Amino acid sequence: MRIHKSLFCLVFLGMAAGVFAQSSFSDLGDDFEERDFKLFLRRTTVFPDKDGSYGGISINGQLAINKYEKGRACIRYENPTLGDFVFILARLINGKSTQTASGLEHAYGAGFMGWFQGHKNVVATSRFILSPGISFGDYIFGVERKISSSVVALDPIGYFIAAGPSLMTNYYVGYGFWVDAYVNYDLAFGKVKFERGNYTPIENYPKPHFLQYGFDIHHKSGFFIGPRINSVVDRGSNNVTAMRLDISAGYCFKGKKN
């Protein structure tokens, strides 16, 4: 909970600072609209249920298309699996895989398709943009717990296809800086059956939801930094409370003009 509050406090402070600056998105020109591809270094930490954490450092990319006019569409696409492979491979080489200090296995990330968000600007002023939209993607998720002397894998577990509402805001702080903040709520509607020796499925166990939110602080030079939190919402009786934190820093490259 402290992590959640800290992130939103930072967004608020960044927006408050904009009161003292007199500029707009149009002043940024290509530096806002034409920087389509992000390349970044990322630190990922997974807090799997009630059993410590694990994570690592990776490199990844994201397609990010911004428009500041009302009625225009904005797009985000990323597959965290591509970056996760780097730190998971490093852990495998060291004999750790996706284990916490207690040795329990966990998984929390995207699958083959990755995570996509599409938005449309419904409010667009010189300094503020509000864009509702949709989120779609896939998740590979699962946790283990020690119950008595046994290690068991718990529902919800498996490969999920999910979709739901999304909301993004952009705020121009001034001096070449702006903040992108977003929240997505994905409802799993499809699941691939999962087979595991220590897993006994519960019949008709409800599919999970996934809450994702975060923000990025950008500068017109192309550099950015920002955190993202993705939390599982377990709607069943096992009360799984896993969370994934990604902190990224990188550079946005300019693409071709439309």
Side-chain angles (χ1 to χ4, degrees), residues 1 3-12 14-15 25 32-33 36 38 46-47 60 62-81 108-125 127-141 156 158-172 178-192 205-218 224 226-236 239-246 248:
M1 184 61 69
I3 294 176
H4 299 197
K5 291 181 179 179
S6 297
L7 295 182
F8 283 106
C9 284
L10 285 174
V11 172
F12 176 79
M15 291 181 174
F25 280 111
F32 180 74
E33 290 200 338
D36 298 340
K38 295 181 175 181
V46 178
F47 302 90
N60 210 336
Q62 181 190 78
L63 177 67
I65 298 176
N66 290 318
K67 300 297 176 185
Y68 60 78
E69 299 95 342
K70 184 176 180 179
R72 297 295 299 272
C74 305
I75 294 173
R76 297 287 188 275
Y77 173 74
E78 175 193 344
N79 193 331
T81 300
Y108 198 163
F112 306 103
M113 296 184 295
W115 299 339
F116 168 87
Q117 294 85 40
H119 303 95
K120 184 176 181 180
N121 298 341
V122 297
V123 176
T125 69
R127 304 174 65 83
F128 176 77
I129 303 169
L130 177 67
S131 310
I134 59 172
S135 175
F136 175 81
D138 55 357
Y139 291 83
I140 295 174
F141 176 77
Y159 173 71
F160 300 95
I161 309 296
S166 179
L167 184 67
M168 184 173 69
T169 64
N170 315 97
Y171 189 86
Y172 187 75
W178 74 92
V179 177
D180 296 340
Y182 53 89
V183 58
N184 315 314
Y185 194 79
D186 293 335
L187 292 72
F189 62 85
K191 177 183 178 180
V192 175
Y205 196 89
K207 298 179 183 65
H209 296 170
F210 298 92
L211 172 64
Q212 180 180 148
Y213 58 92
F215 67 90
D216 294 319
I217 300 173
H218 291 265
F224 78 96
R228 176 180 67 193
I229 286 178
N230 196 304
S231 298
V232 66
V233 180
D234 180 8
R235 302 185 299 128
N239 298 317
V240 172
T241 58
M243 184 181 77
R244 173 189 172 116
L245 170 64
D246 296 313
S248 304

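The figures that follow rest on heavy atoms only: side chains count, while hydrogens, waters and symmetry mates do not. Remember, it's a predicted structure, so these values are computed and weren't measured experimentally.
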(message) For a side-chain contact (heavy atoms from CB on, under 4.5 Å) check, start with the C-alpha distance between W115 and N230, then their side-chain angles and the critical distance, and finish with the verdict.
(response) CA-CA 12 Å; W115 299 339; N230 196 304; 3.6 Å; yes

Gap separating the [atom1] atom of [X] from the [atom2] atom of [Y], nearest 0.5 angstrom:
| X | Y | atom1 | atom2 | value |
| --- | --- | --- | --- | --- |
| Y139 | M113 | OH | CE | 11.0 Å |
| Y171 | W178 | OH | CH2 | 15.0 Å |
| D186 | F136 | CG | CZ | 9.5 Å |
| R244 | F47 | CZ | CZ | 11.5 Å |
| I75 | Q62 | CD1 | CD | 11.5 Å |
| E69 | I129 | CD | CD1 | 8.5 Å |

(request) Test the K207-F160 pair against the cation-pi criterion, namely NZ or CZ under 6.0 angstrom from the six-membered ring centroid and within 45° of the ring axis. (result)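 No, cation not above the ring by the 6.0 Å, 45° rule.
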
Shortest non-hydrogen contact between [X] and [Y], atoms and distance:
| X | Y | answer |
| --- | --- | --- |
| L130 | T169 | CD1-CG2, 3.5 Å |
| K70 | A124 | N-CB, 3.5 Å |
| A73 | K67 | O-CG, 3.5 Å |
| N60 | P80 | ND2-CA, 3.4 Å |
| M168 | C74 | CE-CB, 3.9 Å |
| N79 | F112 | ND2-O, 3.1 Å |

Kindly say whether [Y] contributes a backbone atom to a donor-acceptor pair with the side chain of [X] at under 3.5 angstrom?
| X | Y | value |
| --- | --- | --- |
| N66 | E33 | no |
| N170 | Y68 | no |
| D234 | N239 | yes |
| D180 | H218 | no |
| S135 | G164 | no |
| Y108 | V232 | yes |
| S231 | L211 | no |
| D138 | G111 | yes |

(message) Using side-chain contact (heavy atoms from CB on, under 4.5 Å), reason through K38 and F224 one step at a time and then give a plain yes or no.
(response) CA-CA 9 Å; K38 295 181 175 181; F224 78 96; 3.8 Å; yes

(request) Report the C-alpha distance between E78 and R228 in whole Å, list the side-chain angles of each, state the deciding distance to 0.1 Å, and finish with yes or no for salt bridge (charged side-chain N to carboxylate O under 4.0 Å, His left out). (result) CA-CA 13 Å; E78 175 193 344; R228 176 180 67 193; 3.0 Å; yes

(request) For residues S166 and I134, determine if any side-chain heavy atom of one lies less than 4.5 Å from a side-chain heavy atom of the other. (result)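 S166 does not reach I134 side chain to side chain.
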
(message) Check the orientation of F210 and F141. Use parallel for under 30°, tilted for 30 to 60°, and perpendicular for over 60°.
(response) perpendicular

(message) Salt bridge or not between D216 and R76? Use side-chain N to carboxylate O under 4.0 Å.
(response)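 Looking at D216 and R76, the cut-off is not met.
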
(message) Taking NZ in K191 as the centre, count heavy atoms belonging to other residues, nucleotides or ligands within less than 6.0 Å. Is the count above 12?
(response) yes

(request) State whether a side-chain donor-acceptor pair under 3.5 Å links D246 with S248. (result)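 No, because no side-chain N or O of D246 sits under 3.5 Å from a partner of the opposite role on S248.
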
